[in-house]
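First comes the structure, then the notes that go with it.
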Amino acid sequence: MKIVLLGPPGAGKGTLAVKAKEYYAIPHISTGDLFRNNIKNETELGKKVKAILAAGGLVPDSVTIDMVKNRIAEDDCKNGFILDGFPRTIAQAEALAELCDLDAVVDFVVDNEDVIARLSGRRMCPSTGRLYHILFNPPKVEGKDDDTGEDLIQRDDDKPEAISHRLEVYAEQTQPLIDYYKEKGLLVDIDASGKPEDVFENMKKSL
Ligand code: AP5
């Protein structure tokens, strides 16, 4: 199964992708995670994209498309994959269409108020990427990862100025993909306002 997860920043794509990856036994490919790993490892790509991510802008299409093309050519993607955060522009969607036929594009529908609450309270384990929320999914010990005990961090792009820029970029560049995939008959709308378990049940049924 080849699935794309679409939706605004903070809609819960990463949270749901972790559940879907186990259930469907296919890899979860998050372009945001790939870029963040490059930044952490101080690769050439990481140096190039660091400031773009911190400000909440989009990495140029050519760079992103090449990165995804290489990733989905890997062995573990033979039976499918879950793309989280890609495509984000019409040019990326067209490039993806040249690479494979998708089974579905899941659009997580959630309002801006929920998105802002989710992003501003998100915390992350720096080594495993495990996600928490200070209110909706708190760690067992405040500020510490449940397994590794490491200090949790807040993403640079979860600061208020970057959040509002990300929402503008989403509306301008990514939202047009909803109509693009609707016309292709691939779009599956999912109400993402409930608990992650309920959102996942709806997603499974709809797929
Ligand atoms: P990326 O990492 O993809 O960020 P994003 O799309 O903005 O999505 P997020 O990770 O912020 O949110 P999410 O929907 O995954 O929500 P999450 O599950 O974490 O991209 C980062 C940057 O990389 C971009 O800004 C750009 O610079 C660059 N980039 C990436 N892809 C690119 C591309 N294709 N082209 C160009 N540039 C690209 O949940 C958020 C919080 O809410 C968590 O704390 C979670 O615990 C909580 N939560 C989740 N679901 C629920 C729920 N149902 N109820 C209550 N709380 C919930």
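Remember, it's 1-based here, ligands and their atoms both numbered in the order they're listed.
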In Å and rounded to the nearest 0.5 Å, what is the CD to NZ distance from Gln154 to Lys159?
5.5 Å
Where's the contact between Leu131 and ligand 1, heavy-atom distance under 4.0 Å: side chain, backbone, both or neither?
side chain
Logged contact type for Leu16 with ligand 1, heavy-atom cut-off 4.0 Å, is neither
Taking C-beta and beyond as the side chain, do Phe81 and Asp76 meet within less than 4.5 Å on heavy atoms?
no
Worked verdict on Arg123 versus Asp145 for salt bridge (Lys or Arg N to Asp or Glu O under 4.0 Å)
CA-CA 9 Å; Arg123 299 293 182 270; Asp145 182 71; over 6 Å; no
Which option wins on minimum heavy-atom distance to atom 27 (O) of ligand 1: Pro138, Gly129, Gly85, Gly57?
Gly57
Closest heavy-atom approach to atom 35 (N) of ligand 1 among Gln92, Arg155, Met67 is made by Gln92
Sub-4.0 Å heavy-atom contact, Gly10 with ligand 1
yes
May I ask you to check if ligand 1 and Thr15 share an N or O to N or O distance below 3.5 Å?
yes
First locate atom CD1 of Ile26, then atom CD1 of Ile3, and finally report the distance between them rounded to the nearest 0.5 Å.
4.5 Å
Which option, Arg166, Arg36, Arg118, Met124, owns the non-hydrogen atom nearest atom 41 (C) of ligand 1?
Arg118
Establish, from distance only, whether the side-chain atoms of Thr43 and Asn41 form a donor-acceptor pair under 3.5 Å.
no
Tell me which part of Tyr170 gets within contact of ligand 1: side chain, backbone, both or neither, using heavy atoms under 4.0 Å.
neither
Looking at ligand 1, does any of its N/O atoms fall within less than 3.5 Å of an N/O of Pro9?
no
So, does Pro87 sit close enough to ligand 1 that a heavy atom of it is under 4.0 Å from the ligand?
no
Look only at interatomic distance and state if Gly194 has a nitrogen or oxygen under 3.5 Å from any nitrogen or oxygen of ligand 1.
yes
Within ligand 1, which atoms have a heavy atom of Thr64 less than 4.0 Å away?
33 (C), 34 (N), 35 (N), 36 (C)
